[in-house]
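Note sheet for the following structure.
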Amino acid sequence: MAISKQEFHDAVLYILGQIPKGKVTTYGKIAKMAGFPSHARYVGKLLSQLPQDSKLPWYRVINGQGRISFSEDSERYITQKSLLEQEGISFLNGKVNLKIHQWCPE
DNA sequence: GGAATGACTCTCA
DNA sequence: ATGAGAGCCATTC
């Protein structure tokens, strides 16, 4: 079946809501789980449209290198890093250890 | 319709 | 390990 962009949008938000506390995932993986392996950038665009006070854990999404896709000076970077640290996710040199913290769906 | 943009990822030197 | 380049795709102008 052909999934519309609306469905993709919903799928991404749904997946986002499934990320357990203390875990993170990447744009690429979300896109893949939603059924589109190469829509990583679109996931980012979706998140950029979310309000910063959204109930959804947008901050649990980072890029494939375990890094936050903002400059270290930006408010978003600081906010995201703080929220993740509150959930027990440790940063090493500005990077998350994906081996440990990445969400591994069953 | 073409060009630029972006919260990405992969490959190769 | 690190950085540059290319590929990717929806959106906006």
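Model, not experiment: these values are computed from the prediction. Computation of the quantities below employed the complete heavy-atom set of this structure, encompassing side-chain atoms and omitting hydrogens, waters and symmetry-equivalent molecules.
- Listed by residue number, the members of residues 41-55 of chain A with any heavy atom below 4.0 angstrom from DNA chain C are A:Arg41, A:Tyr42, A:Lys45.
- Applying the ring-ring contact (aromatic ring centres under 6.0 Å, His included) test to residues at least two apart or on different chains, none of the pairs has a partner in residues 46-91 of chain A.
- Contacts between chain A and DNA chain C, taken as any atom within less than 4.0 angstrom of a protein heavy atom, begin and end at C:dG7 to C:dT11.
- Applying the side chain to side chain donor-acceptor pair (under 3.5 Å) test to A:Asn97 and every residue at least two apart in sequence or in another chain returns nothing.
- Taking the side chain to side chain contact (heavy atoms under 4.5 Å, CB included) definition, one finds that A:Ser82 meets it with A:Ile78, sequence neighbours left out.
- Taking the ring-ring contact (aromatic ring centres under 6.0 Å, His included) definition, one finds that A:Tyr42 meets it with A:Phe8, sequence neighbours left out.
- Remark: A:Lys21 pairs with A:Arg60, A:Glu87 by the side chain to side chain contact (heavy atoms under 4.5 Å, CB included) rule, at least two apart or across chains.
- Every residue two or more places apart in sequence or in another chain that forms a side chain to side chain donor-acceptor pair (under 3.5 Å) with A:Lys81 is listed here: A:Glu85.
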Taking distance alone, no hydrogens or angles, what donor-acceptor pairs closer than 3.5 Å link side-chain atoms of residues 23-32 of chain A to residues at least two apart or in another chain?
| unit_1 | atom_1 | unit_2 | atom_2 | d |
| --- | --- | --- | --- | --- |
| A:Lys23 | NZ | A:Ile100 | O | 3.1 |
| A:Thr26 | OG1 | A:Lys29 | N | 3.2 |

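- Residues forming a side chain to side chain contact (heavy atoms under 4.5 Å, CB included) with A:Gln86 (at least two apart in sequence, or on another chain): A:Leu83.
- Residues of residues 75-82 of chain A that place a heavy atom closer than 4.0 Å to DNA chain C do not occur.
- Within residues 12-26 of chain A, the residues approached by DNA chain B to less than 4.0 Å at the level of any non-hydrogen atom are A:Thr26, in residue-number order.
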